[in-house]
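One structure below.
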Amino acid sequence: GVWRQTRALLFKNCLIKCRTKKSSVQEVLFPLFFLFWLILMSMLHPHRRYDEVANTDLGPLDTMVLEDFVIGYTPATPMAREIMKKVAFDNFEDGLITEEYLSEEELEEASFLKPSNFVGVVFKDSMSYQLRFRDSIAMSSIHMESR
């Protein structure tokens, strides 16, 4: 029964592999070739390792620098409002001035009209954002170069 069918199927597959040697060799060599290229690329562009930074006490925050500081944010979602409320009132006694904008264009216009103490925050989703200063954009994550 089952053993005879299994043996016949195995014999059939061996005959096919022997008769189509070119494709059989390709089945083995192509994955090895791609594996070689992956290893070569990883050796040419090694990952950068960063040393550990020791925990240090940075001291109290100088709130004098942040007087009359304005933080504008967009889009005006409940999650963004909650985050900005925590930023403004939980970390500072007097609270920072936060302004809500409906679009990125309004935020950019406000950054041109406001003085240099204006920072824009554009929430991309609930876990990522971009900081927009008067002349530049700063990403929220650590930038690591990768090829």
Side-chain angles (χ1 to χ4, degrees), residues 1-63 65-66 69-93 95-112 114 117-147:
V2 174
W3 173 245
R4 193 173 1 163
Q5 286 179 354
T6 305
R7 196 173 47 180
L9 184 61
L10 183 62
F11 182 69
K12 176 186 149 199
N13 287 339
C14 287
L15 281 177
I16 290 173
K17 292 295 178 189
C18 290
R19 290 179 184 164
T20 58
K21 290 179 181 161
K22 183 179 178 183
S23 65
S24 299
V25 169
Q26 286 177 351
E27 283 181 20
V28 173
L29 291 182
F30 275 154
L32 292 175
F33 174 75
F34 290 124
L35 180 65
F36 167 76
W37 276 109
L38 283 173
I39 292 171
L40 183 67
M41 289 296 141
S42 68
M43 289 172 59
L44 289 176
H45 303 287
H47 296 289
R48 292 182 182 169
R49 303 265 184 226
Y50 294 98
D51 293 334
E52 195 173 298
V53 177
N55 291 337
T56 57
D57 183 17
L58 299 176
L61 182 63
D62 184 12
T63 56
V65 177
L66 299 175
F69 201 73
V70 180
I71 300 177
Y73 64 94
T74 188
T77 62
M79 178 68 77
R81 286 185 191 106
E82 183 179 330
I83 291 170
M84 296 311 292
K85 181 181 167 187
K86 285 187 180 212
V87 168
F89 296 108
D90 290 355
N91 299 320
F92 304 99
E93 296 166 1
L96 295 173
I97 301 168
T98 58
E99 295 178 356
E100 185 176 289
Y101 295 95
L102 297 176
S103 66
E104 287 186 51
E105 291 78 23
E106 287 183 22
L107 182 72
E108 287 178 16
E109 288 175 17
S111 69
F112 290 122
K114 305 275 181 180
N117 60 351
F118 181 85
V119 173
V121 181
V122 179
F123 289 95
K124 296 298 179 186
D125 55 35
S126 63
M127 297 299 288
S128 64
Y129 61 90
Q130 286 184 338
L131 294 177
R132 299 205 181 215
F133 298 96
R134 190 174 183 108
D135 297 325
S136 64
I137 297 175
M139 299 300 291
S140 62
S141 60
I142 297 172
H143 176 68
M144 295 177 64
E145 186 175 320
S146 177
R147 294 185 182 185

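All values below come from the heavy atoms of this structure, side chains included, with hydrogens, waters and symmetry mates left out. Just so we're clear, the structure is a prediction, and the values are computed from it rather than from any experiment. All residue numbers in this chain count up from 1 along the given sequence.
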Among residues at least two apart in sequence or on other chains, which ones pass salt bridge (Lys or Arg N to Asp or Glu O under 4.0 Å) with Lys124? Glu104
Pairwise side-chain contact, Phe36 with Leu32, heavy-atom cut-off 4.5 Å (strictly under): no
Looking at Ile83, Thr74, Thr77, which hits side-chain contact (heavy atoms from CB on, under 4.5 Å) with Phe123? Ile83
Distance, nearest 0.5 Å, that separates NE2 of His45 from CG of Leu40: 9.0 Å
Kindly state each residue pair satisfying side chain to side chain donor-acceptor pair (under 3.5 Å) with at least one member in residues 1-15, sequence neighbours excluded. none
More than 12 heavy atoms of other residues, nucleotides or ligands under 6.0 Å from CE of Met41: is that the case? yes
What one should report as the nearest heavy-atom pair of Leu107 and Val122 is CD2-CG2, 3.6 Å
Least distance between heavy atoms, Ala80 atom then Pro75 atom: CB-O, 3.5 Å
In Å, rounded to the nearest 0.5 Å, how long is the span from CD1 of Ile39 to CG of Leu44? 12.0 Å
Non-hydrogen atoms of Ala76 and Arg81 that approach each other most closely: O-NH2, 3.3 Å
Nearest 0.5 Å please: distance from the CD atom of Gln26 over to the CG atom of Leu29. 8.5 Å
Separation between CG of Leu35 and CZ of Phe30, rounded to the nearest 0.5 Å: 14.5 Å
